[in-house]
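Encoded as structure tokens, the structure appears first; notes follow it.
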Amino acid sequence: MKKLIAGALAALLPLAAGAAYPERPIKLIVPWAAGGDTDNIFRPFAPLLQKQLGETVVIANVGGASGTRGAKEAKDSPPDGYTLYAVHDYIHSTYWAGVADVNYTDFEPICLISSTASVLTASPKTPWKSWQEFLADAKKRPGQITVGATLASTSHFFPALIEQATGVKFKYVSYEGLAPRMNAILGGHVDLTDSNLTQKGKVDAGQLKFLAIATEKRHPEMPNVPTLKELGVNVVYDVNRGIMVPKGAPAGVIAKLESSCAAAANEPAFAQAMKLQGTDVRYMGRPEYAKWLKQNDDLNRNLAKDLGLLKR
Amino acid sequence: MKLSRDGWAGLVVLAASLVLSGLTLELKANPLVPIGPGFYPRIVLGVTALLAALLVVTDWYAAKKAGPKVPADYAAVVVQFAVFGIYVAALPWLGFRIATFAYVAVTNALMDPPRGARQWTRAATIALASALATYFVFEHYLSVLLPRGRWTDF
Amino acid sequence: MYELLAAGLVNIAQVKYLLPLFFGTLAGVVGGALPGVTITMTIIVVLPFTFGLDPLQGLAAMTGVYVGGSAGGLVTAVLLGIPGTPAAIATVFDGHPMAKKGEPGRAIWLGVWASFFGGLLGGVFLIGATAPLAAIALQFGPWEFFSLFILAVSMVAGLTEASLLKGLIAGGLGLIVTVLGSDPVMGQERLTLGIDFVKGGIDFLPVLIGVFAFAQIMGEIERSGGKAQLAGSLERGVKLTVSHAKVIWEILSRPFQLLWFAFVGVLIGVLPAIGASAASMMAYDQAKKISRRPEKFGSGIPEGIIASESSNNANVGGSLVTIMAFGIPGDSVTAVMLGALTIHGIQSGPLFISQNPQLAYGIFAAYLLAHPIMVLILALGARWMLRIVTLPKAALFPVVLVLCVIGAYALNNTMANVYVLLVFGVLGYLMVKFGFPLAPFILGVILGDQIEINLVRSIMTDSNPWLFITRPISGGLLLASVLSVLFALWQHRRMQKKTAAADGDSDF
């Protein structure tokens, strides 16, 4: 009852100006649909962050247009620390491929939290039993094997790197986000797609085939999937996810967010949740993250150029 | 022969689709997608324009008969839309609580003009209660954030 | 499947889900009973409350609204002779005369129990058919989905009561809404008309809320200025007690009729965007045709009530099937539910049931449980309902519109969607005034992006355009859409000969 009255008063009175941040719920924009991998990673993270910040963190899934719709919305939000943006490497690739005008420099980095290895995944309706069979077939039929991808995003870059390394040619079909790609690949409407270890259950059930993983060494969660490296394809690719805020946020807000993020990312509960997602916790604080972003941006620019996707 | 409201509606739709079709011409294709962003809109706009033209033509030749006149209070509708428009425009400036209180009070008073102090109190109470109850339930229990006023910060 | 259903029932029986289900059903019953407040409007009002809940809580509440609303309309229909929702129009025909003959209790409870049994039969279909249909739909490639969506829009356009041409134009306008703003594949800006809030594309939910809420409320204001009250024929002291065993026997002693009416309801439910009013009218018509005493219809006989009420609740089950298996809303109510799913980022469609079994079976369970809850609410509250029906519109309407604003705003916390709400509120009202049906328009808005995406995907997968026709399922669906338009053409011709065209009649 007391809480009720206190709440009623809080609702009635204008909030005292200059109250300590945060003093109302915070929105975390996830630029993809729920049930996708980005959502699966930030959903368990939000309550941990909330515990540190002491205010509700609400996830808003703003999907569409290769993830750039959410990015645009985050960019246009007031830089008051009440809108956070869940980002991954696509921010670089979509910028250089000319899909969106939103660049990583429109935001202040807060922290990097996770890294998910990409896995080349085949439809159950394809005849290949192994990477070798796939490669032989792909060389025989250039431009005929279909790949479901979010165009100009990481799921497009990863197969494109394989194309470049092996000399095969794919045909890309637009399927935005992991969930619709799974729809298509289960029904056999595309042959290949980029996925990750979150889809392990479907592989165990025989609905999907993992051809190769893009890590340095075999992953402990899926030790029977070969790495591209050991197959002689020099491609290592992972998708890194972090949190940013619109540029211009006050220093106090950024500091508070950074310390909360650090504490949340280092919780054992988060590591546990990430294990289920086939994802490694990869924490970087603000200065380190900022430096890494710069490198990653150059890397993506070069990739885009090499792949013939560069539009800037 | 004269156009009825069907014909006029058809003309409006026809004009709108033609204007939009014109705008699709300046869209450039993306090399990643074999058909450009203008391809599908042109189909949709073209088909709609065709249908609208058909509507105008059939209306032109259709036998007109006057339908029964239904009494309608269009003034009230216009006023209500206007009040709602002002509410929407004021929302980001005044904030949800103040704007909603004012909107519910005004609409209520317009639809059922209060007579005497008691009815005025009732209208004000309904407005106050609905503004605060919605705010309270949504912000505090459902974590649905409502607009805050840029002028009032409330 | 049965284990999953049992698990779903156990799951939904937790207070955390039971509470929203109960309140949803209550809201549905009340909203359904209020003349001038449709189930669509009720669910629009309930929508913002579900944003803060977890997906199953929100969907439980909405399922409750849907089931409760289909039954709630009958109280007003029987006691006042005014359908509380369009779905109860056919209930008035026999329900009201029976009440006037001094058996209001029997009339109401015949309706309630018919809703109960019809709903459960719809539920059997829902639970049995969703998974197999979803398995079929999983085999659908982009060509098949493209053709399926085209069929949905053309069928709805043809089935509206207004002219076929205007139905098709309304569908076209809906599709045009989705081409504004940005293209769904690469997010490239197009046709923004220089308006800021159009740039990201237009969400369908604020469009739907605006169109339906304003068309309805402004229509009422236009008729009465909002002042009129439902007084007059009200008797506060009606006795509604009745022997339930007798009433239930009256229904169950007609098992084949009940099955047939439920079948009609389910069928109409499965067909996109036609709605419960058509289901109850059609079932009533069927009842008359198979009856040995058709001349008695309209004088207050039980068959009339049973036909209307059992089919309009069975219709709910059918609508839920199409949305869960294909991602196509069966009517405007399920369209809002589809929106609620997308807010939580859940994709409805062929993978829905296998990817979210807990949610899917939770919805089935909520649907089944909503029926006893609905009976309970009516048993306890039927006499209070009469008071609620007399709530002044002047107090009700602004609150409803405020909730619409919250619903639009809270979608992603931007005013942009509120402006969309206003613009389409005006458009929706004008469309009704000019005799354009809203159902195809809304279906166009909902399916437009999907149609385009699947078209692009088809062409990206294989550049041969003939595949739309030569792939058997896709070709069959396209043929069906052509046939549905031709059929509608033929039927409108026939109707025009019979009667002079009715004017400006809108039906939600």
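Sequence lines set the chain letters: A, B, ... in the order given, protein chains first and strands last, and positions in each chain run from 1. Here the structure is a predicted model, which is why all the values come from computation and not from measurement.
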Indicate, with yes or no, if the rings of B/Phe96 and B/Phe138 have centres closer together than 6.0 Å. no
Would you say the ring centers of C/Phe436 and C/Phe441 fall short of 6.0 Å from each other? no
Flag the one option from [options] with the top tally of heavy-atom pairs under 4.5 Å to chain C.
{"options": "B/Phe39, B/Phe81, B/Trp8", "value": "B/Phe81"}
{"options": "B/Val47, B/Ile126, B/Asp6, B/Thr100", "value": "B/Asp6"}
{"options": "B/Phe84, B/Tyr40, B/Tyr103", "value": "B/Tyr40"}
{"options": "B/Leu27, B/Leu55, B/Val44", "value": "B/Leu55"}

Looking at every heavy atom in both C/Ile406 and C/Pro48, which two are closest together, and how far apart are they? CG2-CB, 3.8 Å
State, yes or no, whether a side-chain contact exists between B/Gln80 and B/Met111 at a heavy-atom distance under 4.5 Å. yes
Is any side-chain heavy atom of C/Leu401 less than 4.5 Å from a side-chain heavy atom of C/Val405? no
Is B/Ser130 in contact with chain C via its backbone, its side chain, both, or neither, using a 4.5 Å heavy-atom distance? side chain
For residues 11-18 of chain B, give me every residue with a non-hydrogen atom less than 4.5 Å from any non-hydrogen atom of chain C. B/Val13
Which region of [X], side chain (C-beta onward) or backbone (N, CA, C, O), has a non-hydrogen atom less than 4.5 Å from a non-hydrogen atom of chain B, or is it both or neither?
{"X": "C/Leu430", "value": "neither"}
{"X": "C/Val426", "value": "both"}
{"X": "C/Leu180", "value": "side chain"}
{"X": "C/Met460", "value": "both"}
{"X": "C/Phe49", "value": "both"}

Could you walk me through whether C/Leu193 and C/Val198 pass the side-chain contact (heavy atoms from CB on, under 4.5 Å) check? CA-CA 8 Å; C/Leu193 310 172; C/Val198 175; 5.7 Å; no
Electrostatic pair B/Arg97-B/Glu139, nearest N-O below 4.0 angstrom: no
For each of C/Ile459, C/Ile451, C/Leu455, C/Val402, tally heavy-atom pairs with chain B at distances under 4.5 Å, and name the one with the top tally. C/Val402
Name the atoms and distances for all side-chain donor-acceptor pairs under 3.5 Å in residues 168-179 of chain C, with sequence neighbours left out.
| from | atom 1 | to | atom 2 | distance (Å) |
| --- | --- | --- | --- | --- |
| C/Thr178 | OG1 | C/Leu175 | O | 2.6 |

With a 3.5 Å distance limit and no angle check, can you tell me whether B/Arg42 reaches the backbone of B/Thr24 through a side-chain donor-acceptor pair? yes
Test item: C/Gln57 side-chain N/O and C/Lys16 main-chain N/O as donor-acceptor pair under 3.5 Å: yes
Mind checking the CG-OH spacing from B/Leu94 to B/Tyr87? Nearest 0.5 Å is all I need. 10.5 Å
